[in-house]
2 protein chains.
Amino acid sequence: MTNFFSSKFKLGILGGGQLGKMMLYETRKYDIKTFVLDPNPEAPCKVGCDHFQQGSLMDYDTVYNFGKKVDILTFEIETVNIKALAQLEKEGKKVYPSAKTLESIQNKGRQKLFYQKHNIPTAPFVVFSNKAHLAEGITNNKIRLPFVWKSTQGGYDGKGVSIIKTGADLAKLPDVECIAEEMVNFKNELAVIVVRNPSGEIKTYPVVEMEFHPEANQVEYVICPARIDDKVAQKAITVAQKVSESFEHVGILAVEMFQTQEDEILVNEVAPRPHNSGHYSIEASYTNQFEQHIRAILDLPLGATESIVGGIMVNLVGAEGYAGDVEYENIEKIMQMRGVTPHIYGKQQTRPFRKMGHVTIIHEDINEAREIAEKVKNTIKVISK
Amino acid sequence: MTNFFSSKFKLGILGGGQLGKMMLYETRKYDIKTFVLDPNPEAPCKVGCDHFQQGSLMDYDTVYNFGKKVDILTFEIETVNIKALAQLEKEGKKVYPSAKTLESIQNKGRQKLFYQKHNIPTAPFVVFSNKAHLAEGITNNKIRLPFVWKSTQGGYDGKGVSIIKTGADLAKLPDVECIAEEMVNFKNELAVIVVRNPSGEIKTYPVVEMEFHPEANQVEYVICPARIDDKVAQKAITVAQKVSESFEHVGILAVEMFQTQEDEILVNEVAPRPHNSGHYSIEASYTNQFEQHIRAILDLPLGATESIVGGIMVNLVGAEGYAGDVEYENIEKIMQMRGVTPHIYGKQQTRPFRKMGHVTIIHEDINEAREIAEKVKNTIKVISK
């Protein structure tokens with residue numbers, strides 16, 4: 001069945017944030033009817049879909065009833081009611097990625113155990129069901145300080161992750177299920193976007209590199225292609241592909257990895273949806289990750305994943321000290337720079353570190369792109385009026 | 001004033017067809033609020049704008065009142081009420097392109113006289129106010145058979161244009177104001193997209209070539225870059241730029257030209273808006289023509305116009321013998337081909353030769369792209385269910 005175009009076919013999207021919004025450019029391009037569910041009545045997806053519904057993504061009945069209305073269901077955020085998805089699948093509804101895949105990913109402990117089970121390289125770790133167990137584990141030398149603590153649930157954009165060096169750090173942690181992971185002394189943080197459709201066709205994008213601010217420990221640039229050895233890149237791609245296949249994942253899967261000092265590849269975590277590390281593809285790739293996700297979940301042939309030009313992405317986050325109605329200071333200055341495209345997500349209110357948009361820089365020469373990216377970063381500022 | 005992004009600023013667009021629809025991808029990307037007016041309640045722009053209004057584009061009051069609601073007004077189709085635009089301008093509203101520019105272009109007789117006045121090369125012609133005058137002109141040898149007849153009003157996509165070889169051809173013509181133009185023995189039909197903002201910044205895209213079907217006399221492929229001499233390309237760009245400047249045009253202007261057997265460049269006609277000959281830019285250019293139009297009318301810096309890769313566009317028109325609910329036969333087959341992206345405009349009903357979408361083929365090697373384009377053309381078929 002390929003009768004999706006200008007037809008009665010309905011695609012449902014759980015979540016109406018910026019990822020959904022960028023997906024909608026592609027459903028509009030293909031003229032595919034879309035239904036979006038999001039708790040925020042002013043979500044970025046409100047404009048651009050055919051039907052917008054305000055409602056909780058975690059409420060069983062809301063998600064179930066929404067799913068009943070559409071022909072295929074996908075999501076742009078992981079925190080959705082999985083039981084509703086599983087029930088919809090049981091009743092014959094197509095849900096991509098599947099409830100089972102999402103279940104293995106949503107809980108970070110289960111995700112790590114999945115890697116272990118499938119012989120996917122990842123940093124050594126222990127799962128603890130609560131804070132007391134964690135303390136016990138340290139006493140019993142199951143894990144040694146320093147380590148990386150991660151809440152198994154709800155971590156997002158650095159939330160729910162801490163580096164634990166001392167007993168004092170430990171004391172501050174919330175009493176939740178968690179994993180304690182050995183610190184990885186890594187050379188690079190890399191990511192590979194993998195796409196797979198229900199027929200099993202699979203493709204990978206080139207390896208991207210996350211360049212960190214030397215002091216702030218925050219990703220500053222996503223660079224494609226990564227400035228690494230071909231051998232390492234090939235290893236990363238092989239691992240990423242194995243991850244997608246092991247999950248029997250359908251759609252876009254972003255696989256974040258560490259390149260260790262010894263050029264080993266360790267999987268850090270995955271996102272079962274279009275991802276920040278693939279935004280560069282809108283301008284730089286044969287097929288961008290959002291179009292690719294739509295192709296995949298509709299079991300259409302996948303597009304070419306090669307880059308046509310070097311690409312760098314810079315996140316636009318709210319500046320410290322500003323909260324309120326957003327203003328993009330100096331945006332006209334970055335628009336004067338060659339190959340620079342701002343993406344404004346459409347959130348009316350800024351606050352410190354809130355993701356408000358991103359900027360893509362494309363250039364034939366990735367080093368030139370890197371220089372322009374730095375100018376972009378130093379010029380535009382997300383402030384309030 | 002650059003406070004267009006996630007602000008209260010309102011952009012009005014007259015016309016809600018496919019050109020408007022592709023413009024909306026860009027206003028969404030920038031999070032610019034849009035109001036669209038179109039007579040068709042199911043126009044392609046209905047989804048993707050902030051406010052859609054059904055109404056006549058030719059009715060003075062409708063256009064005037066719509067214009068009063070927005071901060072800047074643009075259009076994606078030329079057949080709009082110019083008097084309303086002129087009145088809005090008088091009252092201080094920004095209308096881009098201006099009423100005056102549109103007035104010089106909307107009537108093809110006036111357009112040709114404009115070229116004459118501004119020393120822009122164009123094929124020799126005579127304007128006739130009606131059919132009797134035309135007959136008189138032939139008798140008096142003001143124009144000789146064969147010639148190209150064009151209605152001065154409302155011509156679009158080959159409508160309102162005829163080649164007149166005999167008295168019998170002449171007898172079939174409607175009794176309207178027209179121009180009679182000398183036949184041009186041309187080697188190539190070329191086009192250049194020019195973009196200009198109110199500050200006078202001006203940029204041109206590379207020359208594209210319209211390749212015709214050897215028998216059907218219909219444009220089959222728009223090819224960028226045109227496979228022509230650099231010298232000729234430079235001449236075409238210089239002429240196109242002069243046209244935009246002479247019109248004091250703001251926004252995208254598509255300049256269609258003939259390359260004669262003697263490598264002269266003659267302007268055929270212009271479109272004061274994003275144009276079919278620039279669709280390739282969505283995939284192949286640093287900045288696509290729709291984003292560029294938005295940048296221009298908001299007086300923002302213009303983006304780079306170079307191509308990053310070779311691009312070819314194939315129109316998707318309704319197949320002969322089919323009318324009714326549309327189906328895109330073999331679309332999944334063309335999606336298997338490398339660098340191929342279908343754009344479906346969202347018209348529910350097909351009919352013979354109706355423009356239903358287009359397909360872009362990108363490739364590093366334009367000759368390879370041309371081969372794939374031919375496969376695309378021979379594979380996909382726009383039929384009815």
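Below, chains carry the letters A, B, ... as their sequence lines are ordered, and counting in each starts from 1. From a predicted model like this one, the values you see are computed outputs, not experimental measurements.
Listed options A:K333, A:Q336, A:R338, A:E306 were ranked by heavy-atom pairs under 4.5 angstrom with chain B; first place goes to A:R338. Listed options A:P44, A:A304, A:P342, A:G339 were ranked by heavy-atom pairs under 4.5 angstrom with chain B; first place goes to A:P342. Ranking A:R295, A:H343, A:E327 against chain B, the residue ahead of the rest is A:R295, based on heavy-atom pairs under 4.5 Å. The residue among A:T34, A:V47, A:T287 with the most heavy atom pairs within less than 4.5 Å of chain B is A:V47. For the options A:E283, A:E291, A:K21, heavy-atom pairs under 4.5 Å to chain B are most numerous at A:K21.
Once rounded to the nearest 0.5 Å, the distance linking CD1 of B:I331 with CG of A:N3 reads 10.0 Å. For the atom pair CG of A:N288 and OG1 of B:T341, the computed distance is 8.5 Å after rounding to the nearest 0.5 Å.
Closest approach of A:V309 and B:Y286 over heavy atoms only: CG2-OH, 4.1 Å. The two atoms that bring A:I344 and B:F5 nearest to each other are CG1-CD2, 4.0 Å, heavy atoms only.
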For this session: Check step by step if side-chain contact (heavy atoms from CB on, under 4.5 Å) holds for B:D31 and A:Q348.
Result: CA-CA 10 Å; B:D31 195 41; A:Q348 304 306 309; 3.8 Å; yes
For this session: Kindly determine whether A:K29 and B:I282 satisfy side-chain contact (heavy atoms from CB on, under 4.5 Å), including the steps that lead there.
Result: CA-CA 11 Å; A:K29 185 165 88 184; B:I282 296 177; 5.8 Å; no
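Heavy atoms from other residues, nucleotides or ligands lying under 6.0 Å from CZ of B:R354 number more than 12. For A:K375, the NZ atom is loosely surrounded, since the number of other residues' heavy atoms within 6.0 Å does not exceed 12. For B:K377, the NZ atom counts as densely surrounded, since its 6.0 Å shell holds more than 12 non-hydrogen atoms of other residues, nucleotides or ligands. Heavy-atom contacts from other residues, nucleotides or ligands closer than 6.0 Å to NZ of A:K8 number 12 or fewer.
Geometrically, B:R28 does not engage A:Y25 in a cation-pi contact, judged by NZ or CZ lying under 6.0 Å from the ring centre and within 45° of the ring axis.
For a residue to count as touching a neighbouring chain, one of its non-hydrogen atoms must lie under 4.5 Å from one of that chain's; by this rule A:I32 does not touch chain B.
Annotation: side chain of A:S6 is not in contact with side chain of B:K347 (no heavy-atom distance under 4.5 Å).
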